[in-house]
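Single-structure report; data block below.
Numbered from 1 within each chain, the chains take letters A, B, ... in sequence-line order. These numbers were taken from a predicted model, which means no experiment stands behind them.
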Amino acid sequence: MNKHLTRAVVTAAVLGLAVPALAQTELSFWSWRQEDVKAYNEMIAEFEKTHPDIKVTYTAHEAKAYNTILTTALAGGSGPDIIHTRAYGSLENVSGAGYLEPLNDQVDLSNFPADLVRGTTLRADGKVYAVPFATQTVLVYYNKDIFEQQGLTPPATWDEFMDVAEKLKAAGITPLANGTADGWTIEVASGAIMPNFYGPDFFGEVTSGKTTFADPRYVDALEHMAQLAPYMPQGFEGVDYATMKALFTSGAAAMFIGGSWEIPGWRDAGLNFGFMAGPAAEPGKDRLVATWLDGGYGVNAASPNKEAALEFIRFTATKEWGQMLADKLANVPAVKGVVPKDPALAEIIKLQEHQTPYIMLVAFRFKKPTGSQLLQDGLQKLMTGAMSAEDVAKAVADGIASAK
Amino acid sequence: MAKVELRGVNKQFGSVHVIKDINLTVEDHEFVVFVGPSGCGKSTLLRLIAGLEEITSGEIDIDGARVDHLAPARRGVAMVFQSYALYPHFTVAQNMGYALRVAKEDKAVIDRKVREAAEILQLTEYLDRKPKALSGGQRQRVAIGRAIVRDPKVFLFDEPLSNLDAKLRVQMRIELTRLHRELNATMIYVTHDQVEAMTMADKIVVLRDGRVEQIGAPLDLYNTPDNRFVAGFIGSPAMNFFAGRAESVSDAGVEVALEGGTRFTFPCETPGVKAGDVVEFGVRPEHFSIGGNGDGGSDGALKGEVYAVERLGGETYLYLNSGSYRDIVAHMSGDAPISIGDSVEIGFSLARSHLFGPDGQSIR
Amino acid sequence: MQSTDYESVRRARTRNLKLWLALLLTPAALLLIVFVFIPMGSAVLYSLYEWDGLARKGYVGLANFSDILFDPVRNKVLFHAFWNNVKVFVTLMIIQNGYALVLAMLLARNPRGYRFYQVVFFLPVILSTVIVSFQWKLFLNPVFGLVNKALIAVGLESWAVPWLGLPETALPAMMLVNAWHWFGFPTLVFLAAIHRIPTDFIEAARLDGASEWRIAREIIWPLMAPAVTIIVVLTFIGSFNWFEIPYVMNGLEGSPQGSTDMLGLLFYRTAFGSISAGGSDFGHGSALAVLMFIFIFVFSILATKYLTSREVEMN
């Protein structure tokens, strides 16, 4: 063989061996947040600045199919190193199966509110399986331009709320964009209205078994929900989430009850909007907002790069990451002490001073039928007048009692 | 039973003119056969009478009443299809009684009529069977039975025997003739087979290209065809034609010169040709006398070379070429010591020969 | 000696032929095994275990099946969904296939432009079901939808209801969408069946004095039985596996108020979880899938047997 050729082959072989030794650890990171790809890549870049030996690739799947894709991949022994998890029942599905690495002694979570850490804790073993990332809060959005034109001020109490709604309706404007076609949107709406009537103690009592959903406070809250129906769009039974958003952004409807994740959407639409907590039951009472943990960041227990993945996870537990979540994604971070540049987020954090857990998701989504299924079904019947508040409350209570 | 009259009947499918100005009378009790090559319009004509197709113009009368505007069922006709068209999900009895059931006839009456028809057609033991379980001949009889039960003014048959094998066809031919006699019915029968036409018909209508070529009794058509087409179509094997020249025309007739020098004067009253015209001389195979034998006489003769001999025992067919006259067929009864390559003289008698003018019309 | 020679050559020839056959059948057999039999087998296997999320726990025998069928909380949902599937089957038989039958009978008379109609009727069939569902969801939207706008335009304001939002109208609306999407298929199958009937039968019946209605009922209908068998069985299978249209139009929960819940949706919710129904449960989900398969399989076979027995051969 030719000498030159021999040398070339040997050189190539040496180089070929050398390359992996210099290579970065590549981590894959799956999520359902397709709209956040750009921001996540920027945030990951911040991590990679201080960790040049680790490269993180963010992949976002379709939100609706994410759980299925993830669970199928994990069951098949594949799946990413870093997993953007949901919280509560959906997290249990993954963590309970042992697919997630317990984080208790490996990540410092002392800077997170205990209520939120519960959202990523497996009830069975009490271990934490993900770093909480952001919270969602149910808000009442309103169109500032419409309120101004009609000479209205944002209502603080239920009576004012009804009054504003009546005036808007009289002016030919749909007061509330919400519909019931997508059951979950009416459950979200209930998170702004109902806590103000069942009060701050109900959650603790109903979860500890001291009372049930047939409680008069809950019935009262449902009765007030039912009073919203006349102010919802005509044909609200067929108004789905997309239509709700279209109604609000087009200015056809003046108010929209929804989660705090809507803010970037309203901004993109160029809407002059404000938001507030749901109206207080009576003047002088606290205005309660329902909140929940949106999810967390976990590590695949079967990952071959567990150390690197944990290193990344630790970064997501810092205030620095929380600040980026707030500033780049307008997420309300779960970590304490972040002061968002965005005044809207700061406002939400202020509203959260009077918060109560978003009840069905946080506490009643572990058995079947789930509290969400029962409540959505009940609310659809309540809003159309097919069922009384009392009967809905009883149906929810019975359903919860029989769930397994 | 009834008379059928067609007056100036035309049928066009779009721009295609398939039936051209037909005038025709089918007498009461008559068995009339429409015959002609495929595409001549004979089936269409039958369907026009049945009402399965609408006429474009003209008039059709049955039993003295105009019917061409009526629905098929109201014309008083019954039809037997080539495919028999027996409803496969009905039994024989149900098939035969269907029209009566549709007419809301009394059940007992239906039953009686079906049984009577079955009796005539020897189908009694098959009444409860489905058509699938019957032989071709039996199905044919059920199809006829279905027509009989309706007691129509006119029976229409659309090539009813063409799906049967040769032996059964002969049998059914005879049976249909017998049936016609027994029912004493008016029947119109379509076929492309001139043997069926000859054997069954009281009257044959020869059709070509949507027109009537000739109407007449079978033997009239055989003996005195109006034109070259009818002459060639009726009779099997077909008539031989020899092109020739009209040398002169006189009171005695037309003097014809064939190739090879054969000359004769064909006696006729209204020649319709002039000297120098091209004429065709026609002789049926069975009217030749071979080697001077037979009853053909010898008003003239051609000399030909035998290239094929078919011996059927009782009769023999010779195939000859004579100059430019190719494929001449000659028939003789019995056997003859003739072999391929022999030169044979075939004679003809003018009384049993035919002459056709340049327009194809017979010269008589 | 020579005879053995011939024999070995002959045997080699048949062996070759068999080899070829095996070669040609292998890909199809592999596909069947990998994508049909193995998933079916694993569904049966999964259904016999308890599952916690994604983790397979202990073997529980037929407990998942008895839960689904006999547990009052679960079987209420099951029978509710099943009853909806029954409604879908019966309704589609009438509105979709009945309409198709009428159209086929009309088209069989070769009206002017019949080729055109045939193509137009078949067009919705070639569209994707997901697209059809989504497009009709937009048409039926109570705020922007064309359907209600049109109803209002012609003065039928009281008819302009939120079709997909009311428990009384949501399922009927979806079934109409399904009928719109699929009617071209039975139309074509029926039309082909009618065209197969010799025209002589129909003409003979016409001569026998039968009305067009009577011909349709007594001659054409019985003779198109094989096509009817195919369509009934396919509609049956389609109805009990109905998924795409209710899923795309009203989501996994059978909204509103469970009025559009179907076995397929229930299966999906149970096995894979949903935003409202919580996490996945492969055990009960697989058991439901197995039950659905057995039900559809057994009834399809029984129906085919029964329907085939009333078919007649046209000679």
Side-chain angles (χ1 to χ4, degrees), chain A residues 63-65 67-68 70-72 74-75 86 88-99 124 174 179-184 187 233-240 242-243 246-247 252 360-361 364-373 375-378 380-381 384 386-387 399 402-404, chain C residues 46 51-57 67 71-74 76-77 134 137-138 140-145 147-148 152 157 160-170 173 247-259 261 268-282 284:
Chain A
K64 255 187 182 171
N67 272 10
T68 313
L70 179 67
T71 51
T72 312
L74 289 173
R86 313 266 192 181
Y88 309 108
S90 296
L91 174 88
E92 294 222 335
N93 237 297
V94 186
S95 61
Y99 291 119
T174 303
T180 62
D182 286 323
W184 65 269
E187 186 191 352
Q234 190 167 11
F236 66 83
E237 299 95 330
V239 170
D240 63 353
T243 309
L247 283 169
M360 294 306 187
L361 169 61
F364 295 99
R365 212 179 271 192
F366 303 96
K367 295 176 178 176
K368 290 191 179 177
T370 64
S372 290
Q373 284 180 305
L375 180 58
Q376 288 170 21
D377 190 59
Q380 284 183 340
K381 289 177 181 154
T384 53
M387 227 178 178
S402 71
K404 56 177 82 176
Chain C
Y46 288 177
W51 289 74
D52 185 2
L54 296 171
R56 202 169 79 187
K57 296 281 161 67
D67 274 358
D71 179 275
V73 175
R74 284 189 184 275
K76 202 176 110 197
V77 185
F134 192 72
K137 185 181 166 135
L138 290 179
L140 291 166
N141 185 298
V143 180
F144 319 107
V147 172
N148 283 1
I152 290 167
E157 298 203 12
V161 300
W163 297 100
L164 294 175
L166 299 178
E168 301 80 29
T169 55
Y247 174 62
V248 174
M249 294 184 78
N250 273 17
L252 272 180
E253 313 297 326
S255 182
Q257 301 161 42
S259 60
D261 203 9
Y268 193 97
R269 277 204 312 272
T270 311
F272 300 110
S274 81
I275 191 170
S276 304
S280 64
D281 176 356
F282 284 171
H284 289 98

Query - Any residue meeting side-chain hydrogen bond (donor to acceptor under 3.5 Å, both in side chains) with Gln376(A), in chain and number order, not counting sequence neighbours - result: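 Counting only residues at least two positions away or on another chain, Gln376(A) forms a side-chain hydrogen bond (donor to acceptor under 3.5 Å, both in side chains) with Glu187(A), Ser276(C).
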
Report task. Check the pair Lys368(A) / Asp281(C) against salt bridge (charged side-chain N to carboxylate O under 4.0 Å, His left out), numbers first and verdict last. Result -> CA-CA 10 Å; Lys368(A) 290 191 179 177; Asp281(C) 176 356; 5.2 Å; no

Go through the atoms of [X] and report whether side chain, backbone, both or neither lie under 4.5 Å from a heavy atom of chain A.
X	result
Asn148(C)	neither
Val161(C)	neither
Glu253(C)	side chain

Report task. Please look at Ser402(A) and chain C and tell me whether the side chain, the backbone, both or neither of the residue comes under 4.5 angstrom of a heavy atom of that chain. Result -> both

Query - Where Gly235(A) and Pro162(C) come nearest, the two heavy atoms and their spacing - result: O-CB, 3.3 Å

**Report entry** ring pair (Phe, Tyr, Trp, His ring centres under 6.0 Å) partners of Phe236(A), counting only residues at least two apart
**Finding:** none

Report task. Look at atom NZ of Lys57(C) and say whether more than 12 heavy atoms of other residues, nucleotides or ligands are closer to it than 6.0 Å. Result -> yes

**Report entry** Heavy atoms of other groups near Phe272(C) CZ, more than 12 under 6.0 Å
**Finding:**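 Enclosed: over 12 neighbouring heavy atoms sit under 6.0 Å from CZ of Phe272(C).
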
Requested in this report: Carefully, step by step, assess Asp240(A) and Lys137(C) under the rule salt bridge (charged side-chain N to carboxylate O under 4.0 Å, His left out).
Outcome: CA-CA 10 Å; Asp240(A) 63 353; Lys137(C) 185 181 166 135; 3.2 Å; yes

**Report entry** Polar side-chain atom of Ser255(C) near backbone of Asp182(A) as donor-acceptor pair, under 3.5 Å
**Finding:** no

Query raised in the report: Just by distance, do the side chain of Gln380(A) and the backbone of Gln257(C) share a donor-acceptor pair under 3.5 Å?
Result: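 Judged by distance alone, yes, a pair lies under 3.5 Å.
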
Query raised in the report: Among Leu166(C), Leu164(C), Leu140(C), who wins on heavy-atom pairs under 4.5 Å with chain A?
Result: Leu166(C)

Report summary line: Heaviest contributor of heavy-atom pairs below 4.5 Å to chain C, chosen from Thr370(A), Leu91(A), Leu361(A), is Thr370(A)

Report summary line: Answer key: most heavy-atom pairs under 4.5 Å with chain C among Leu247(A), Thr384(A), Thr180(A) is Leu247(A)

